[in-house]
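What follows is a single structure, written as structure tokens, with notes after it.
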Amino acid sequence: MMASGIGTHGNVGQHSESIGRQAAATGWRAGGHQWRFPGPTLVMGILNVTPDSFADGGLYADPERAVARGLELVAQGADLVDVGGESTRPGAAPVDWREELRRVVPVIRSLARQVRVPLSVDTMKPEVATEALAAGAVIVNDVAANRSDPSMWRLVADARAGYVCMHMQGTPRTMQERPVYRDVVAEVAEFFRDRLQRLQECGVCPDQVVLDVGIGFGKTLTHNLQLLRALAHFQGLGRPLLLGVSRKSFIGALTGASVEARLPGSLACAVWAVTQGVAVLRVHDVAETVQAIRVTEALLRA
Ligand code: HH2
């Protein structure tokens with residue numbers, strides 16, 4: 001059965017005229033942190049401690065530089081900082097969990113001592129999530145929520161951590177080879193319903209969870225656009241939405257812009273997402289995004 005508000009593409013089209021969607025009233029808890037939505041859109045700053053991430057690979061591979069960048073993101077207005085030690089760009093090779101730990105744990109430990117904003121760990125591995133939570137992270141950003149092994153969910157339940165449940169078709173290595181959906185909006189919604197059920201069975205409360213359609217994770221340009229158009233309809237699932245579009249390749253496909261030149265397209269998507277009730281935006285360009293969304297929110301209120 002479909003949750004209210006989420007249907008096929010035809011049904012999405014019917015609802016696509018109005019601007020300024022009220023998100024359903026929801027909350028999100030992560031460790032001792034708590035947010036109510038609708039409210040100001042949260043900005044999650046991206047901090048990739050990797051040699052090969054598609055936008056900032058190699059810039060913050062050194063722990064001291066990474067910590068300095070984390071402090072800078074917070075000073076620019078980030079409400080959360082998402083620390084990742086493994087690139088998930090299309091075709092990326094998996095990183096051994098010990099290497100990923102070596103990359104992210106010292107950075108999380110140091111930032112947790114210096115900033116008040118919650119830290120999140122962007123990882124697909126339970127071993128890394130466990131150590132990152134022990135080092136001071138309070139959110140697990142899980143791009144591999146499509147796995148069947150429940151160990152990640154059990155540890156999120158035990159830690160009462162926040163959890164980002166992202167949709168991906170396949171794995172980063174293979175996901176862009178030939179993504180196929182009968183109806184991408186309906187299938188992603190069905191995935192979320194199934195995961196919310198499984199998470200609850202593993203002891204994760206719904207208020208620990210935010211949902212992310214996973215732009216670029218096993219999706220063609222058309223799939224990405226269909227999901228972006230349908231954002232408001234995922235509100236029917238009763239959980240806040242997180243969105244990661246920052247500098248992604250679909251912006252390049254639409255405009256020809258290189259990774260470094262995709263800020264305008266990223267901001268256009270951020271503004272659109274705010275009008276559609278998205279609660280959290282995961283971005284590289286924090287200061288610019290904060291300004292764009294504050295103005296959008298004021299316009300929606302006026
Ligand atoms: N996108 C990326 C990584 N993690 N997490 C969520 N929840 N949603 C996303 O859209 C998302 C994500 C890819 O971006 P980035 O971290 O900049 O690059 P890389 O994976 O190459 O490190």
Side-chain angles (χ1 to χ4, degrees), residues 30-31 44-73 78 80-115 118-156 158-159 161-166 168-177 212 214 216-218 244 246-249 259 282-284:
M44 173 186 263
I46 300 173
L47 178 54
N48 283 319
V49 193
T50 61
D52 58 343
S53 288
F54 82 94
D56 55 356
L59 291 179
Y60 311 112
D62 168 65
E64 266 181 41
R65 278 190 175 208
V67 171
R69 175 63 177 160
L71 297 176
E72 185 180 37
L73 293 172
L80 311 132
V81 175
D82 188 35
V83 183
E86 176 178 43
S87 173
T88 50
R89 73 190 188 287
V95 173
D96 181 74
W97 65 269
R98 293 172 206 82
E99 171 61 13
E100 198 180 325
L101 271 184
R102 194 192 63 72
R103 293 178 185 175
V104 298
V105 166
V107 175
I108 290 173
R109 189 172 292 124
S110 173
L111 280 176
R113 283 199 213 102
Q114 300 182 64
V115 300
L119 304 176
S120 135
V121 62
D122 184 354
T123 187
M124 299 187 268
K125 303 190 186 77
E127 298 87 342
V128 176
T130 302
E131 293 299 320
L133 292 173
V138 294
I139 297 164
V140 177
N141 174 17
D142 186 6
V143 306
N146 59 345
R147 76 171 77 67
S148 49
D149 172 13
S151 51
M152 186 71 108
W153 306 326
R154 297 218 172 96
L155 76 88
V156 167
D158 289 345
Y163 181 72
V164 182
C165 174
M166 200 201 77
M168 170 166 64
Q169 189 177 86
T171 65
R173 192 191 272 273
T174 60
M175 64 191 180
Q176 288 308 105
E177 279 169 13
D212 180 351
F217 285 84
S246 185
R247 303 195 202 172
K248 284 197 173 166
S249 66
V259 175
R282 182 181 181 277
V283 305
H284 300 93

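Below, all heavy atoms of this structure are taken into account, side chains as well, without hydrogens, waters or symmetry copies.
Nearest heavy atoms, L133 versus A159: CD1-CB, 3.8 Å. Between G216 and Q176 the shortest heavy-atom distance is O-OE1, 3.1 Å. Nearest heavy-atom pair across V259 and F54 is CG1-O, 3.8 Å. Scanning both residues, M166 and A145, for their nearest heavy atoms gives O-CB, 3.6 Å. Contact detail for V164 and I139: the closest heavy-atom pair is CG2-CG2, 4.1 Å. Nearest heavy-atom pair, V121 versus D82, reported as atom, atom and distance to 0.1 Å: C-OD1, 3.8 Å.
Shown here are the side chain to side chain contact (heavy atoms under 4.5 Å, CB included) partners of P63, two or more places apart in sequence or in another chain: V107. Shown here are the salt bridge (charged side-chain N to carboxylate O under 4.0 Å, His left out) partners of R113, two or more places apart in sequence or in another chain: there are none. Remark: Y60 pairs with R69 by the side chain to side chain donor-acceptor pair (under 3.5 Å) rule, at least two apart or across chains. Residues satisfying the salt bridge (charged side-chain N to carboxylate O under 4.0 Å, His left out) criterion with R89, sequence neighbours excluded, are D52. Annotation: salt bridge (charged side-chain N to carboxylate O under 4.0 Å, His left out) contacts of K125 (sequence neighbours excluded): E86, E100. For R147, the salt bridge (charged side-chain N to carboxylate O under 4.0 Å, His left out) partners two or more places apart in sequence, or in a different chain, are D142.
A distance of 11.0 Å separates CZ in R102 from CG in D96, rounded to the nearest 0.5 Å. Here the CG-CZ distance, from L119 to R109, works out to 12.5 Å after rounding to the nearest 0.5 Å. To the nearest 0.5 Å, the span separating CD1 on I108 from OG on S120 amounts to 8.0 Å. Atoms CG and CG, from L47 and L80 in turn, are 13.0 Å apart once rounded to the nearest 0.5 Å.
Put simply, the side chain of M44 does not reach to within 4.5 Å of the side chain of S246, judged on heavy atoms.
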ask   = Could you go step by step and tell me if N141 and R282 meet the side-chain contact (heavy atoms from CB on, under 4.5 Å) rule?
value = CA-CA 11 Å; N141 174 17; R282 182 181 181 277; 3.8 Å; yes

task = Evaluate the criterion side-chain contact (heavy atoms from CB on, under 4.5 Å) for residue pair T123 and M152; output intermediate values, then yes/no.
result = CA-CA 10 Å; T123 187; M152 186 71 108; 4.2 Å; yes

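For E127, the CD atom counts as densely surrounded, since its 6.0 Å shell holds more than 12 non-hydrogen atoms of other residues, nucleotides or ligands.
For the residue pair S151 / D149, a side-chain donor-acceptor distance below 3.5 Å is found, with atom types taken as modelled.
For the pair N146 (side chain) and Q169 (backbone), a donor-acceptor distance under 3.5 Å is absent. Between the D62 side chain and the R65 main chain, a donor and an acceptor come within less than 3.5 Å of each other.
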